[in-house]
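Have a look at the structure below, then the notes.
In what follows, every heavy atom counts, from backbone to side chain, and hydrogens, waters and symmetry copies are set aside.
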Amino acid sequence: MTALIINSFREKIRNKTLYVTAIVGMLVMLMLTCTGGLEINGQKMISFKQMVPVGITVINLIGSLLAVMISLNTIPNEFERKTTHLVLVRGIRPWQYMFALTVGNIITSILCVLILFASFAGFCIFWGQVGLIPRALASIIMLSLNTAVISAIVSLFSIKLPAFINGILGILIYFMGVFHNMLTVAAGAADGAGGVVVRGVMHIIPDFIAVQNQASNFLVGNPVDIYPLVVQLLCIYFVLTLTFVTFRKEV
Amino acid sequence: MLECIDLVKRYKGYDAVSGLSFAVHKGEVLGLLGPNGAGKTTTIKMILGLATVTRGEVRITSGVRIGYSPETPYFHPFLTGFEVMIFFSKLQGMDRKTRVRQIEEILEMVGLREAGDKKVKVYSKGMLQRLAVAQALLGKPDILILDEPTSGLDALGRVEMIRLINRLKSEGKTIILNSHILSDVQKVADRAVIIQNGTKVKEIDFRDEHTSKDLESTFIEVLGGAVDDSIDYK
Amino acid sequence: MKAFKITYGCIGLLIISLCLYFGSRGLPEKNRELYNRAYSISNAVESRIWSGFHFNQYPVAVRKRSTEYVLQGRKETKREAVLPVTAATAYKMKDGMNILIPCKEDMDSLGQMAEGLSGSGDELFTAQFALDKEAMPDNRYIAILYHEGLHALQLDNYFERMTNILPKHKDDIDFNGMLGEIDGQTGIMDLYKKETKTLYGIIKSKDKAEFKTGIKEYLAIRSEREKAVKSRLGAKKAEDFIRYENFYELMEGTARYMEIRIAEILKDEKLYDEYLDSLQESGTGREKYYRSGMGICLVLDKLSSEWKDDIFSRAVPLSEVLNKLAEV
């Protein structure tokens with residue numbers, strides 16, 4: 001199983017996904033430092049302090065969207081190229097295979113986030129704020145829990161769903177998770193059967209904003225609530241467990 | 001060694017394989033022949049456990065290992081031939097020492113020893129087919145299933161592949177050869193099973209002295225003249 | 001494979017155990033402590049700040065994740081969150097008004113968002129990772145409880161009358177659109193800033209004459225600003241807009257005023273000064289009415305001790321009350 005995980009990860013490394021990510025990250029950070037184009041709420045972001053939250057938010061957002069893109073095609077490609085045949089005839093069980101590919105996707109997605117962070121670290125060094133790097137790194141690692149969840153979900157869905165639908169669903173789930181608290185409020189106010197459905201949906205949507213809050217707490221030195229982080233770990237575990245029982249009828 | 005008994009594979013509304021029975025014995029090369037859509041690949045998938053069997057049975061002698069070489073092999077283009085072999089050998093749980101020794105032997109046998117360090121993306125079609133056979137040989141399987149191993153190869157590639165199959169045969173390997181190139185099958189197979197619409201229409205033993213007609217005539221005869229364009233009679 | 005299955009199962013058990021452990025920890029004690037402090041000053045607030053406002057009559061539902069811990073006096077009950085709000089609010093339940101508030105730890109996470117944003121979507125994202133985001137001081141949390149407490153009083157008794165300040169055709173008005181337009185006018189925004197700075201000067205002044213001149217000056221700037229709004233939006237739209245401003249000053253300005261007065265009761269000079277100093281800062285969106293309303297209330301305190309008695313029942317704009325009291 002380790003061989004499958006490493007191979008899936010190695011393919012991503014060699015097919016330039018990570019290089020593209022690094023370039024995107026650098027471009028974003030370049031955009032941050034050349035503040036000409038960056039305006040928040042009508043005000044130009046000119047100081048390091050103003051740019052840090054923007055940088056972390058951008059890493060979080062791009063990282064999550066990259067996780068969707070990375071996880072979208074890995075498993076369908078294996079089926080399409082019939083690599084599945086060569087793997088399954090060697091006594092590898094379908095659940096081991098799907099699990100390994102999903103873990104490979106998660107690792108690659110997190111690595112992408114870390115590469116994006118490397119650009120951010122460069123930006124901190126440029127501003128002479130090296131001291132912020134360890135705290136920001138820990139914060140980004142917490143945010144990686146969200147990246148891992150979205151990667152796992154999209155990987156799981158990719159076993160059964162076409163890429164286009166899966167991609168839209170993945171992005172939708174991500175944004176619903178980011179606005180989890182607000183949507184839960186709205187769902188709480190909704191009446192009738194629709195309200196029941198929306199509340200039910202909000203129960204199964206991972207709470208990305210709760211993890212973001214803890215990551216931000218750590219960044220600014222506030223106490224961190226461990227609960228949302230372990231819930232997210234449980235979510236990853238649950239989705240990974242679902243890969244054990246999800247497979248295509250015909251390979 | 002391997003026996004298919006009354007195999008049936010039913011998809012929505014039709015039977016891809018319908019009551020197919022044949023056996024392959026130790027040390028022989030069995031050709032599976034038939035036009036496109038005859039059910040050859042579905043049969044192979046059922047043997048390999050890649051497709052469920054609707055009815056019937058695939059009986060394999062206990063402890064027999066199977067190696068499989070697909071028709072259109074895909075290997076990650078950024079890996080070298082050697083790395084591809086390492087990957088599959090790891091999946092088979094081979095230890096490091098055996099792995100390295102066996103991979104060198106096999107790559108030598110299929111003529112890829114020197115190209116082993118090159119990335120798969122620079123391999124020719126013939127080299128890819130040989131690499132596909134090479135990975136199937138990992139772990140010294142008792143039965144080799146080769147799905148269209150000469151398909152899409154140029155003349156030289158075909159000659160090399162036939163030579164390789166003959167070598168494997170001479171080493172006592174049991175082989176199931178799925179091909180639509182009749183001449184290739186005739187060159188290497190001991191027996192052939194002709195399949196049409198999922199059922200066996202004829203079984204030929206090339207070792208039988210009474211088999212007077214050539215394969216081409218037999219093929220046309222059993223398929224009633226309705227010969228598929230995809231069949232290569234050369 | 002057996003080793004994998006065992007390891008995987010153990011990891012699962014560990015994660016589930018951690019979830020159960022961290023999930024069952026209930027409401028951190030700190031929240032009860034803060035509520036008890038708020039409860040203990042209820043009578044002082046009623047006698048010294050707002051007669052007729054009994055904070056302790058409202059249950060306070062402190063939300064921790066999806067559970068609300070409803071505190072009232074010594075009583076504590078638990079319930080499923082009725083309205084999982086992202087910030088504090090007052091909410092009418094079957095048994096009367098409740099003050100709903102996220103637990104202190106969640107308010108710490110919200111940082112400046114707990115105080116109200118200017119309304120920009122970008123800001124909503126980035127404010128989360130703002131480096132200057134600090135944990136909310138305990139006394140500010142208590143002040144927010146009282147802010148919502150005053151809303152509970154307004155909503156419970158006077159809301160219908162208070163909305164009379166708004167234009168009759170309020171549903172057809174795009175207040176946010178007008179607000180955005182006005183916020184984009186540097187000249188008008190400078191006048192807003194000048195208004196609150198003047199209010200700050202009046203509150204700080206020790207001299208009677210200076211105090212009176214200050215009020216006149218403030219009313220003049222306000223009038224000048226309202227004219228500028230008229231020339232920008234047109235007379236009809238400007239009238240609607242100003243009615244909205246008056247409404248927010250009355251509703252939220254008094255609630256912010258309650259906050260600064262709570263800082264005073266709690267003898268938290270630093271917090272008091274922070275509220276007061278906010279009058280010298282410029283702001284956008286609705287939040288600027290919180291501050292200007294608070295400033296007017298503090299000036300009114302210097303003019304009369306009775307201005308609060310019927311302010312909600314009469315539902316008169318704060319600036320009008322100031323105008324009248326200043327004439328006397």
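- Scanning for side chain to side chain donor-acceptor pair (under 3.5 Å) contacts around C:Y141 gives an empty result, with sequence neighbours left out.
- Between C:R286 and C:N176, some side-chain heavy-atom pair lies under the 4.5 Å cut-off.
- Proximity to chain C among residues 198-208 of chain A is not found for any residue, judged by heavy-atom separations below 4.5 angstrom.
- In this structure, C:H151 and C:H147 have perpendicular ring planes: the angle between them is above 60°, well past the 30° mark.
- In this structure, A:Y227 and C:C19 approach most closely via the heavy-atom pair CE1-O, 3.3 Å.
- Taking the ring centre of C:Y289 as origin, the terminal cationic atom of C:R256 falls outside the region bounded by 6.0 Å and 45° from the ring axis.
- Residues of residues 96-107 of chain A that come within less than 4.5 angstrom of chain C, heavy atom to heavy atom, are A:Q96, A:F99 in numerical order.
- Ring geometry for C:F175 against C:Y248 counts as tilted: the plane angle lies between 30° and 60°, on a 0 to 90° scale.
- Across all non-hydrogen atoms, the minimal contact from C:K78 to C:Y69 is CD-CE2, 3.4 Å.
- Taking all atoms of both residues into account, the shortest heavy-atom contact from A:L219 to A:A136 is CD1-CA, 3.7 Å.
- For an aromatic pair to be called close, the ring centres must be under 6.0 Å apart, and A:F123 with A:F126 fails this.
- With a 4.5 angstrom heavy-atom cutoff, A:L229 does not touch chain C via any of its atoms.
- Residue A:S64 comes nearest to A:T147 through the heavy atom pair OG-OG1, 4.5 Å, listed as atom of the first residue, atom of the second, then distance.
- Residues C:I16 and A:L234 meet the side-chain proximity criterion, which asks for heavy atoms closer than 4.5 Å.
- Using a 4.5 Å heavy-atom cut-off against chain A, the contacting residues of residues 5-14 of chain C are C:K5, C:Y8, C:G9, C:I11, C:G12.
- Of the candidates A:L116, A:V211, A:L143, A:N60 forms a side-chain contact (heavy atoms from CB on, under 4.5 Å) with just one, namely A:L143.
- When the shell of 6.0 Å around CZ of C:R79 is examined, it contains more than 12 heavy atoms from other residues, nucleotides or ligands.
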